[in-house]
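Notes for the one structure printed next.
For the single chain, residues carry numbers from 1 onward in sequence order. Please read these numbers as outputs of a predicted model, since none were measured by experiment.
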Amino acid sequence: MTFSFSFADLPSLPPGEVILYCALVDLGLFILAGGLFGPLLAVSCEILGKTRKRMVPVRAARQIAAMSLFFGILIPPLAAAALYHLLDFGPDLFASPYSLPLQVSAGAVALAEILLLLYFLAWPKKGFPGALHTFCGMLCWLSALLSLYLNSAFLFRFTHDPLEPETILLWRNLPDFFLIPFDSFTWPLLAQGAALSLAAAGAMAAGWLLLLRARTDYGRDYYVFSLPYAAGWALIGGLISLPTAFWAYSRVQKIMLPELSHAPSQLLGILCYALPALACLLWLLLFKSPTPLRHKPGVFMALLLLGAGIGAQFLVLNKVLPSP
């Protein structure tokens with residue numbers, strides 16, 4: 001029995017513009033993850049330090065809050081770019097009936113940004129943060145969640161359930177506008193995005209702590225706590241993202257007509273789960289290691305694997321969902 005092999009048998013790479021678009025999706029999700037889910041990691045770490053009466057978690061919380069602020073500053077221009085892209089769909093977002101809900105969605109993002117700035121700037125130079133500071137961090141996280149939901153609901157309405165131009169929206173009608181139907185595939189996509197964002201926030205926090213080590217090295221005990229702490233959040237988000245990815249794919253596949261969608265390749269389907277799973281393995285090794293600083297290459301490798309996994313999942317959705 002003889003076997004023949006040709007390079008033509010290998011799966012072809014997606015077009016260059018698709019790969020570039022995947023890279024932009026990765027970049028956008030990482031920015032959103034740092035700005036929206038970073039505060040959860042920071043305030044949880046702050047509470048942990050105050051509960052255990054240890055300064056090490058409080059220092060880690062402050063560094064993670066600095067990461068959140070850095071990426072949070074990038075969210076408004078990212079939102080502006082997304083808004084500019086939506087203008088190509090036709091309706092004027094700045095005119096009725098979309099102007100009022102757009103202002104509410106933008107206001108939620110602005111509120112989260114202001115609370116994040118206050119949370120970071122109000123950090124005491126010495127000692128443990130007070131209860132008011134912790135409360136501000138919780139409000140920042142909740143407002144970030146609210147902004148995520150409102151903007152997701154706005155995108156759902158705009159792209160899949162558009163309003164007639166003569167529709168008049170008042171403040172009392174806004175709850176109905178932002179209500180996502182229970183059977184909408186927006187829910188599994190939102191769940192998957194939230195899980196991936198949590199994983200990305202934890203992964204970026206670990207990388208951020210390592211990058212800052214050259215400027216502020218707090219000693220071995222600091223990284224024995226902080227790196228596994230960040231890896232633990234990344235592991236939680238990564239594990240949740242695997243079933244939510246299956247939920248999103250199966251839900252979207254059910255609602256799409258066969259003639260409008262295409263089945264992704266088997267290799268692409270495997271990569272959707274294998275790449276995030278490998279990243280979870282690296283985070284698990286870091287989480288359980290007594291010497292986490294020896295896992296520095298694994299920290300950045302897990303970030304790359306997660307980014308590649310997000311890109312693969314986007315390609316799958318691009319196959320299933322109809323595209324122009």
Side-chain angles (χ1 to χ4, degrees), residues 16-42 63-95 98-122 136-137 139-159 178 186 189-190 192-194 196-205 207-208 211-212 237 303-304 306-307 310-311 313-314 317-318:
E17 60 271 17
V18 175
I19 295 178
L20 177 61
Y21 202 66
C22 287
L24 292 176
V25 169
D26 276 349
L27 179 61
L29 189 136
F30 281 131
I31 292 174
L32 290 174
L36 298 181
F37 284 80
L40 172 63
L41 276 63
Q63 286 198 319
I64 296 174
M67 178 200 76
S68 302
L69 183 60
F70 173 79
F71 286 106
I73 292 173
L74 299 178
I75 289 179
L78 177 67
L83 196 62
Y84 179 79
H85 178 68
L86 283 178
L87 290 175
D88 293 337
F89 281 84
D92 187 358
L93 293 174
F94 301 100
Y98 292 106
S99 57
L100 182 58
L102 180 62
Q103 293 174 41
V104 173
S105 301
V109 175
L111 176 61
E113 294 282 333
I114 293 171
L115 288 172
L116 179 57
L117 182 62
L118 290 175
Y119 178 62
F120 180 76
L121 294 180
C136 179
L139 282 181
C140 176
W141 156 240
L142 292 175
S143 63
L145 274 186
L146 176 63
S147 67
L148 179 64
Y149 174 82
L150 290 178
N151 283 276
S152 299
F154 184 90
L155 287 175
F156 166 78
R157 285 289 183 188
F158 185 76
T159 57
F178 287 111
T186 302
L189 291 180
L190 191 57
Q192 182 190 9
L196 289 172
S197 296
L198 182 59
M204 289 192 300
W208 181 271
L211 292 175
L212 289 184
L303 258 175
L304 292 176
L306 178 63
I310 293 171
Q313 292 181 14
F314 173 77
L317 290 177
N318 188 57

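When side chains are defined from C-beta on, F154 does not count as touching V104, because their heavy atoms never get closer than 4.5 Å. For the pair L150/V109, no side-chain contact is recorded, criterion being any heavy-atom separation below 4.5 Å from C-beta on. Proximity of Q313 to L196: side-chain heavy atoms (C-beta onward) are separated by under 4.5 Å at one or more points. Using a 4.5 Å cut-off on side-chain heavy atoms (C-beta onward), L189 and F156 make no contact.
Between P39 and G34, the shortest heavy-atom contact is CD-O, 4.1 Å. Across every non-hydrogen atom of L41 and A205, the tightest pair is CD2-CB, 4.1 Å. Closest approach of A199 to G237, counting heavy atoms only: CB-C, 3.7 Å. Of all non-hydrogen atoms in A200 and L29, the two that sit nearest each other are CB-CD2, 4.2 Å. The minimum heavy-atom distance linking L190 with S152 is given by the pair CD1-OG, 3.2 Å.
Taking CG of L211 as the start and CE of M67 as the end, the distance is 11.5 Å to the nearest 0.5 Å. The line from CZ of F30 to CG of L306 is 4.5 Å long, rounded to the nearest 0.5 Å. Atom SG of C140 is separated from atom CG of L40 by 10.5 Å, given to the nearest 0.5 angstrom. In this structure, S105 OG and L146 CG are separated by 9.0 Å, a value rounded to the nearest 0.5 Å. To the nearest 0.5 Å, the span separating CG on L148 from OG on S143 amounts to 11.5 Å.
Within the structure, the side chain to side chain donor-acceptor pair (under 3.5 Å) test picks out the following pairs touching residues 63-75 (sequence neighbours left out): Q63-T216, Q63-Y222.
In this structure, the side-chain contact (heavy atoms from CB on, under 4.5 Å) partners of L32, at least two apart in sequence or on a different chain, are L36, I75, L78.
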Indicate every side-chain donor-acceptor pair of residues 111-121 with a distance under 3.5 Å to a residue at least two apart or in another chain.
unit_1: Y119; atom_1: OH; unit_2: E46; atom_2: OE1; d: 2.6

